[in-house]
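One structure is given below, encoded as structure tokens.
Counting from 1, the numbers follow the sequence of the chain as shown.
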Amino acid sequence: MMILLVALIGAVVALGMAFWPWPGRGPEPRHAAGRVPPPVPAPLPASLEGALAAQLLSGDITGRQYVRALERIAARDERRHPMSVPRDYRP
């Protein structure tokens with residue numbers, strides 16, 4: 001009985017390894033005939049904050065310039081859409 005159990009476990013492991021999707025094993029991609037696909041362009045940022053973050057990560061602006069630009073954006077938003085806080089009516 002023990003031999004049958006070990007043989008069954010061995011067969012399951014062997015089948016699992018035979019059908020496991022190993023990298024580099026399988027059909028060659030269609031573009032492997034010497035042609036390289038064009039690089040996919042990075043998506044454009046959807047907001048000003050996103051554009052500033054992209055500039056910071058690419059090294060176009062410094063951290064200090066980034067913080068200063070965000071301060072200006074916050075000040076502009078405060079002027080355009082001031083936040084009204086309700087009064088505190090607790091005794």
Side-chain angles (χ1 to χ4, degrees):
M1 185 68 178
M2 188 68 155
I3 295 174
L4 183 62
L5 183 63
V6 170
L8 182 62
I9 291 174
V12 168
V13 169
L15 285 173
M17 290 184 70
F19 292 105
W20 192 263
W22 299 100
R25 211 172 112 193
E28 291 292 321
R30 294 180 187 222
H31 58 76
R35 288 184 279 144
V36 178
V40 178
L44 296 174
S47 65
L48 182 56
E49 291 88 353
L52 285 170
Q55 287 178 349
L56 178 66
L57 292 176
S58 68
D60 294 338
I61 60 174
T62 64
R64 189 176 186 106
Q65 290 171 327
Y66 174 76
V67 170
R68 185 71 182 133
L70 287 181
E71 287 172 353
R72 283 190 227 122
I73 291 171
R76 183 192 67 190
D77 287 347
E78 179 63 27
R79 282 191 309 271
R80 288 183 183 177
H81 309 287
M83 181 182 279
S84 62
V85 180
R87 293 182 186 227
D88 186 15
Y89 290 109
R90 289 183 286 182

Looking only at heavy atoms, what is the nearest atom pair of L52 and L70, with distance? CD1-CD2, 4.1 Å
To the nearest 0.5 Å, what is the distance between CD1 (I61) and CZ (R68)? 13.0 Å
Would you say that more than 12 heavy atoms from the other residues, nucleotides or ligands in this model lie under 6.0 Å from the CD1 of I3, or not? no
Please assess V67 against E71 for the test side chain to side chain contact (heavy atoms under 4.5 Å, CB included), listing each intermediate value before the final yes or no. CA-CA 6 Å; V67 170; E71 287 172 353; 3.8 Å; yes
What heavy-atom pair brings R76 and L48 nearest, and what distance separates the two atoms? NH1-CD2, 4.1 Å
Restricting to non-hydrogen atoms, name the atom on T62 and the atom on Q65 that form the minimum distance, rounded to 0.1 Å. N-OE1, 2.8 Å
Please name the pair of heavy atoms, one in E78 and one in M83, separated by the smallest distance, quoted to 0.1 Å. OE2-N, 4.0 Å
Does I73 reach the side chain of D77, with side-chain heavy atoms less than 4.5 Å apart? yes
